[in-house]
There are 2 protein chains.
Amino acid sequence: MPEAFGIGVRERQVPLPIKISEETFTPRQQAVLTAALDLLVENGDGLTMTAVARRASCSKETLYKWFGDRDGLLTATVQWQAAKVRMPHVDRSHLSAKVLRESLQQFARDLLTTIIGEVSITLNRTAITHAAQEKDSLGNIVLENGPMAIRRRLKPILEAARDARLLRFNSSEDAYRTFFGLVVRDVQIRLLLGDNSLTQSNVEANIEADVVAATDQFLALYGAKANS
Amino acid sequence: MPEAFGIGVRERQVPLPIKISEETFTPRQQAVLTAALDLLVENGDGLTMTAVARRASCSKETLYKWFGDRDGLLTATVQWQAAKVRMPHVDRSHLSAKVLRESLQQFARDLLTTIIGEVSITLNRTAITHAAQEKDSLGNIVLENGPMAIRRRLKPILEAARDARLLRFNSSEDAYRTFFGLVVRDVQIRLLLGDNSLTQSNVEANIEADVVAATDQFLALYGAKANS
DNA sequence: ATGGAACCGTACCGTACGGTACGCCTGCGG
DNA sequence: CCGCAGGCGTACCGTACGGTACGGTTCCAT
């Protein structure tokens with residue numbers, strides 16, 4: 001693989017997954033990435049360079065010029081898509097029991113909604129398949145933009161809530177992981193494994209109930225008192 | 001694939017085959033499956049028929065004769081290994097608060113220990129990779145021998161505990177899934193994605209604490225009273 | 001206009017791997 | 001001792017796919 005191209009294209013292979021802004025890729029490149037993602041979602045891992053080139057109406061040579069090799073294209077696709085996940089923003093200065101509960105519910109709702117989406121399932125499967133080959137780069141990207149992103153956003157809120165005497169816990173890490181478990185339960189692993197009895201609509205219909213239940217349970221475990 | 005050899009073929013061989021679940025494999029076949037599993041664990045999905053044949057000191061022709069095709073070999077391997085997972089057995093007739101707590105802890109311990117094992121991670125990754133190709137057979141096998149097996153064993157105990165007024169819940173399904181979430185949290189998905197910060201020994205060291213914590217939390221949520 | 005950069009489409013190459021064919025060896029029943 | 005079934009090892013085939021090369025086209029800057 002050629003190691004330097006003086007083109008106005010981003011450098012490949014960043015060691016640590018950094019936040020990717022949308023200016024990182026030109027519109028044309030984003031169209032290619034969209035095609036790649038679509039193929040991933042449709043065809044599972046049947047992502048071939050030829051297929052991407054045909055779908056995006058570009059030449060394979062361009063793909064290799066832009067992304068280096070197949071792994072580079074895969075990485076770019078996952079990176080670009082994973083960075084799109086947006087977390088809810090909570091104002092930590094006005095924390096009340098009500099605001100806390102609603103914030104937690106919002107986190108739970110976003111988490112569940114993301115997890116059951118086709119795109120998320122595909123990206124996680126791709127990263128896991130990748131991780132089965134001693135390559136953890138994709139896995140790290142997904143982790144960084146999924147669970148870790150949630151953790152980064154949720155932990156400060158939990159700690160603020162503790163400072164406001166709304167929650168009680170020793171380790172905010174444990175509290176976060178408990179919240180994650182209460183929300184996700186066995187949904188993600190079953191979807192990743194292709195459980196037939198879990199259709200997306202099936203889960204979707206219960207999201208609200210599950211969100212409320214998980215939040216209630218979390219507050220029952222960590223709430224300073226039984227509250228609204 | 002010639003249709004004379006169905007999937008999951010059982011060739012009647014010389015001595016008495018050892019019974020493994022419904023499907024029986026001769027010792028020689030089990031040696032082949034062991035080789036296949038070892039290769040899976042070592043090499044990720046780099047499982048090639050040639051590699052299995054070489055490792056097991058058999059000919060490729062024999063592999064195809066016994067297992068039909070690559071998928072058949074994969075299925076047989078997963079089936080054979082997944083069926084080895086054993087669940088704790090609890091005597092439902094002597095349920096007390098103490099026995100219940102210890103039983104739950106035992107379930108949690110077995111679940112965690114299984115999940116963090118190399119073999120489990122490999123099988124789950126393989127099944128998920130498989131599920132990314134519109135094939136859910138492997139996923140179903142893993143589900144059936146993993147989460148579903150636990151559910152089958154745990155739910156009767158939960159219901160017995162409810163009858164004994166040790167637990168309180170409406171849906172034993174929800175109770176089971178909450179237990180699963182409290183125990184597994186984000187450990188499995190992080191391991192599947194190859195999270196570097198989660199070494200096996202790292203998790204192993206905390207198993208006991210996590211088991212106790214998860215059980216305590218479950219009992220706090222579903223126990224009839226705050227009890228020992 | 002003209003040179004060149006970027007890029008498309010396609011043909012091409014090498015390899016890896018699933019699957020098959022075949023020759024040879026071994027153990028065993030007659 | 002013979003024949004043969006089962007099985008090992010290896011050579012072989014076809015295909016799919018990653019990666020490269022190259023001619024032709026568009027577009028822009030000079």
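Convention: sequence-line order gives letters A, B, ...; per-chain numbering from 1.
A donor-acceptor contact shorter than 3.5 Å links the side chain of B:Asn140 to the backbone of B:Asp136. With A:Arg86 contributing its side chain and A:Ala83 its backbone, the two residues share a donor-acceptor pair below 3.5 Å. Between the side chain of A:Asn124 and the backbone N or O of A:Ser120 there is at least one donor-acceptor pair closer than 3.5 Å.
Taking atom CG of residue B:Leu63 and atom C1' of nucleotide D:dT10, one finds them 14 Å apart after rounding to whole Å. Residue B:Gln29 contributes atom CD, which lies 13 Å from atom C1' of D:dG7 at whole-angstrom precision. Look at CE on B:Met49: it is 13 Å from P on D:dC8, rounded to the nearest Å. One interatomic measurement links the two molecules: CG of B:Asp71 to C1' of C:dG19, which rounds to 14 Å at whole-angstrom precision. We find that NZ of B:Lys65 is positioned 13 Å from P of C:dA21, with the value rounded to whole Å. Atom pair B:Tyr64:OH and D:dG7:C1' shows a separation of 17 Å (rounding to whole Å applied). Rounded to an integer number of Å, the gap from B:Phe67 CZ to D:dG7 P is 11 Å. Between B:Asn43 atom CG and C:dC17 atom C1' there is a gap of 14 Å when expressed in whole angstrom units.
Of the residues in residues 50-62 of chain A, those lying under 4.0 Å from DNA chain C by heavy-atom distance are A:Ser57, A:Cys58, A:Ser59, A:Glu61, A:Thr62.
Pairs engaging residues 117-127 of chain B under the salt bridge (Lys or Arg N to Asp or Glu O under 4.0 Å) rule: none recorded [sequence neighbours left out].
When the ring-ring contact (aromatic ring centres under 6.0 Å, His included) test is applied to B:Phe169, no partner is found at least two apart in sequence or on another chain.
Comparing D:dG19, C:dG19, D:dC8 by their nearest atom to the side chain of B:Arg28 picks out D:dC8. Taking every side-chain heavy atom of B:Asp69 into account, C:dG19 is the closest of D:dG18, C:dG19, C:dC17.
With rounding to the nearest 0.5 Å, the separation of CD1 in B:Ile207 from CG in B:Asp110 is 10.0 Å. To the nearest 0.5 Å, atom CG of residue A:Leu221 and atom CG of residue B:Leu182 are 7.0 Å apart.
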What donor-acceptor contacts under 3.5 angstrom involve side-chain atoms of residues 142-152 of chain B, with partners at least two apart or in another chain?
from: B:Glu144; atom 1: OE2; to: B:Arg152; atom 2: NH1; distance (Å): 2.6
from: B:Asn145; atom 1: ND2; to: B:Ile141; atom 2: O; distance (Å): 2.7
from: B:Arg151; atom 1: NH1; to: B:Glu173; atom 2: OE1; distance (Å): 2.9
from: B:Arg151; atom 1: NH1; to: B:Glu173; atom 2: OE2; distance (Å): 2.9
from: B:Arg152; atom 1: NH2; to: B:Glu144; atom 2: O; distance (Å): 3.4

Show me the donor-acceptor pairs within less than 3.5 Å that the side chains of residues 186-193 of chain A make with the rest of the protein, sequence neighbours left out.
from: A:Asp186; atom 1: OD1; to: B:Arg177; atom 2: NE; distance (Å): 2.9
from: A:Asp186; atom 1: OD1; to: B:Arg177; atom 2: NH2; distance (Å): 3.2
from: A:Asp186; atom 1: OD2; to: A:Arg190; atom 2: NH1; distance (Å): 3.3
from: A:Arg190; atom 1: NE; to: A:Asp195; atom 2: OD2; distance (Å): 2.7
from: A:Arg190; atom 1: NH2; to: A:Asp195; atom 2: OD2; distance (Å): 3.0
from: A:Arg190; atom 1: NH2; to: A:Ser197; atom 2: OG; distance (Å): 3.3

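For the pair A:Trp66 and C:dC7, the criterion of a side-chain N or O lying under 4.0 Å from OP1 or OP2 is met.
Backbone-only contact: B:Leu47 has heavy atoms under 4.0 Å from sugar-phosphate atoms and none from a base.
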Here DNA chain C, pairs taken as Watson-Crick or G-U under 3.5 Å and shown with ( ), [ ] when crossing and | when to another strand, reads ||||||||||||||||||||||||||||||
